[in-house]
Amino acid sequence: MRSGMSRGGGGRSGGRVTDGTDRTEGGEPPHRLAELGPELPAVQLAPRLAQFAAVARLEHVTQAAALLGMPQPTLSRAVARLEEELGVDLLARQGRTVRLTRAGRLLLASVERALAEVERGAEAARAEADPAAGRVAFGFLHTMGTDAVPALLRGFRAAHPQVRFQLVQDYVGAMLERLRAGELDLCLVAPLPDDPALVTRPLDEQRLHLVVPADHRLAGRRRIRLAEVAEEPFVGLERGYGLRAITDGFCAEAGFVPRIAFEGEEAETLRGLVAAGLGVALLPPALVPRPGVVELEVTAPRTRRAIGLAWAAGRPLTPPVAAFRDFVLSRRGRLLQHD
C-alpha cells in the first residue's frame with residue numbers, strides 16, 4: 001500500500017494455493033538443456049538408447065529383441081550403429097551373451113536416468129489429463145476468493161472429488177499473461193478482455209457500492225450519484241488491477257478524475273482505510289457488514305462490473321479442465337448468489 005504515490009518498479013506477486021495433492025512446479029534444481037540439431041548427439045543417439053539399455057540389462061541380444069518386440073538383426077544393427085557413432089565399444093560379445101565394457105557401464109548409468117525421467121514425464125503428462133484426477137490451473141480475482149470461488153470448487157468437487165487444483169489469485173493483467181503463456185487453464189476475470197487470443201464468456205454482473213465512513217456527510221443517504229463525491233479523496237486498488245480500471249472508468253463517466261489518496265491490493269484493506277476516514281471507495285458489497293463504513297447504492301452511472309471466464313483460444317483443454325469450464329459456465333447468472 002502506498003499513500004498518494006504512483007506505482008514504482010518491481011513485480012507484484014500473486015497468491016498461489018494448492019489443495020494438498022498438487023505438486024508445485026519449478027521446485028527442482030535447474031539442469032543443463034541438451035543442444036538440439038541434426039548432427040548433435042542427443043538427436044542422433046536418442047532413438048537407440050532404450051534399445052541399448054534393454055541389451056545391457058539382459059546381457060542377451062535375442063532376449064532383448066523379444067522384450068522390445070523387434071527382430072534380433074535389427075536390434076544388433078542399432079547397437080552397432082550406436083557404438084559406431086560414439087566411437088567406442090559398449091559391449092563385449094561372448095557367443096549369444098554380451099557384457100558391458102567400462103564405456104558401456106558409464107553410458108548405461110546416464111541412459112537409465114534419462115529413461116526414468118522420460119517415463120516420469122510421460123506419467124505426469126497422462127496424470128494431468130486424467131478425467132478423474134487430472135489438474136486444473138485456475139486463476140481468479142482476489143475479490144472472488146472469499147465466497148464465489150470456494151462455492152464453485154465445492155459444487156464441482158461433489159461430482160469430481162479427485163480432480164486437483166492449482167489456484168492463483170492475482171491482478172487481472174498478470175493472470176491473463178499467464179493464461180496466454182499456458183501457465184493457467186482458466187481465469188475468472190473482470191473486466192472481460194478484448195483479445196482475439198482468448199475466449200471469454202460472461203457469467204454475471206456485480207454491483208459496486210460507494211463505501212463512505214460512518215460519520216461521512218452522505219452516510220445517512222441510501223442512494224447517491226457518483227458526481228456528488230467528485231471532490232472527495234478516493235482509496236483504490238493499484239493500477240493494473242481490473243477493479244481500479246473499472247473505478248476510473250465510472251468516475252470518467254461521472255465527469256471527473258478520482259483523486260487517489262491511498263492505493264492498496266485488497267478490497268478489505270480499502271474498507272479499513274475508508275473506516276479510518278481516509279477516503280471513499282467503489283467496492284463490491286461486503287459479505288459481512290464492516291463497522292465504521294456505510295455502503296451506498298450508486299444510481300448514476302450504473303456501477304456494475306461484468307465478471308466472466310477466459311481461456312486461451314485454439315489450445316486444447318484437458319478433460320478435467322473442460323469439465324470444470326463447463327461447470328463454471330453452467331453457473332451463469334448464479335455466480336454471485338450472495339450479491
Side-chain angles (χ1 to χ4, degrees), residues 14-27 121-206 241-243 284 287 305-339:
R16 185 180 187 280
V17 183
T18 64
D19 63 2
T21 56
D22 184 32
R23 297 293 179 267
T24 59
E25 298 177 4
E123 290 176 354
R126 285 192 292 266
E128 187 85 349
D130 185 334
R135 188 189 69 147
V136 179
F138 182 41
F140 55 92
L141 304 166
H142 287 89
T143 52
M144 297 285 101
T146 304
D147 188 71
V149 168
L152 284 175
L153 298 178
R154 181 177 61 247
F156 180 74
R157 289 289 287 268
H160 304 81
Q162 295 183 37
V163 169
R164 298 169 294 125
F165 281 84
Q166 174 192 342
L167 303 178
V168 175
Q169 293 175 275
D170 213 332
Y171 69 105
V172 67
M175 286 197 301
L176 293 179
E177 287 179 11
R178 297 178 70 171
L179 187 63
R180 296 184 191 99
E183 297 176 19
L184 293 177
D185 300 312
L186 302 167
C187 282
L188 200 60
V189 296
L192 276 61
D194 182 13
D195 184 341
L198 302 175
V199 179
T200 59
R201 294 289 184 270
L203 290 173
D204 217 331
E205 283 192 338
Q206 184 178 50
Y241 283 84
L243 184 56
L287 296 178
R305 66 169 177 172
I307 298 172
L309 189 69
W311 61 93
R315 183 183 300 151
L317 302 181
T318 63
V321 172
F324 185 60
R325 177 201 60 185
D326 294 344
F327 175 80
V328 175
L329 294 179
S330 75
R331 301 286 298 175
R332 183 174 181 177
R334 296 178 292 132
L335 181 68
L336 305 170
Q337 290 185 339
H338 60 278
D339 184 18

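Between the side chain of Asp204 and the main chain of Leu336, a donor-acceptor pair closer than 3.5 Å is present. Between the side chain of Arg334 and the backbone N or O of Ser330, at least one donor-acceptor pair lies under 3.5 Å. Side chain of Asp185 to main chain of Ala137: a donor-acceptor pair is present (N/O by atom type, distance under 3.5 Å, no hydrogens or angles). No donor-acceptor pair under 3.5 Å is formed between the side chain of Arg305 and the backbone N or O of Glu205. One N or O on the side chain of Arg164 and one on the backbone of Ala133 form a donor-acceptor pair closer than 3.5 Å. Proximity of a side-chain donor or acceptor of Arg331 to a complementary backbone N or O of Leu335 within less than 3.5 Å is not detected.
Atoms CG and CZ, from Leu152 and Arg157 in turn, are 13.5 Å apart once rounded to the nearest 0.5 Å. Leu184 CG to Leu179 CG: the interatomic distance, rounded to the nearest 0.5 Å, is 6.0 Å. How far CG of Leu167 is from CZ of Phe140: 5.0 Å, rounded to the nearest 0.5 Å. Taking CG of Leu203 as the start and CE of Met144 as the end, the distance is 10.5 Å to the nearest 0.5 Å. Atoms CG and CZ, from Leu329 and Phe324 in turn, are 10.0 Å apart once rounded to the nearest 0.5 Å. Considering CZ of Phe156 and CZ of Phe165, their distance stands at 5.0 Å, rounded to 0.5 Å.
When all heavy atoms of Ala313 and Pro196 are compared, the closest pair comes out as CB-O, 3.9 Å. Listed here is the closest heavy atom pair of Ala310 and Val189: CB-CG2, 4.4 Å. Residues Ile307 and Ala190 come closest through the heavy atom pair CG1-CB, 4.0 Å. Summarising the geometry of Pro193 relative to Leu198, their closest heavy-atom pair is CG-CD1, 4.0 Å, with the distance given to 0.1 Å. Nearest heavy atom pair, residue Glu128 against residue Pro320, reads O-CG, 3.7 Å. Summarising the geometry of Val168 relative to Arg178, their closest heavy-atom pair is CG1-NH1, 3.5 Å, with the distance given to 0.1 Å.
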Using the side chain to side chain contact (heavy atoms under 4.5 Å, CB included) rule, take Thr200 and Leu309 through it: C-alpha gap first, then chi angles, then the decisive distance, then the call.
CA-CA 6 Å; Thr200 59; Leu309 189 69; over 6 Å; no
Apply side chain to side chain contact (heavy atoms under 4.5 Å, CB included) to residues Leu188 and Val149 and explain how you reach the verdict.
CA-CA 9 Å; Leu188 200 60; Val149 168; 4.0 Å; yes
Under the side chain to side chain contact (heavy atoms under 4.5 Å, CB included) criterion, do His160 and Phe327 qualify, and how do the steps go?
CA-CA 11 Å; His160 304 81; Phe327 175 80; over 6 Å; no
Before giving the answer on side chain to side chain contact (heavy atoms under 4.5 Å, CB included), spell out for His142 and Tyr241 the whole-Å C-alpha distance, their side-chain angles and the decisive distance to 0.1 Å.
CA-CA 10 Å; His142 287 89; Tyr241 283 84; 4.0 Å; yes
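With sequence neighbours excluded, the residues forming a side chain to side chain donor-acceptor pair (under 3.5 Å) with Arg180 are Asp195, listed by chain and number. Partners of Ala322 according to the side chain to side chain contact (heavy atoms under 4.5 Å, CB included) rule, which considers only residues two or more places apart in sequence or in another chain, are Leu317, Arg325.
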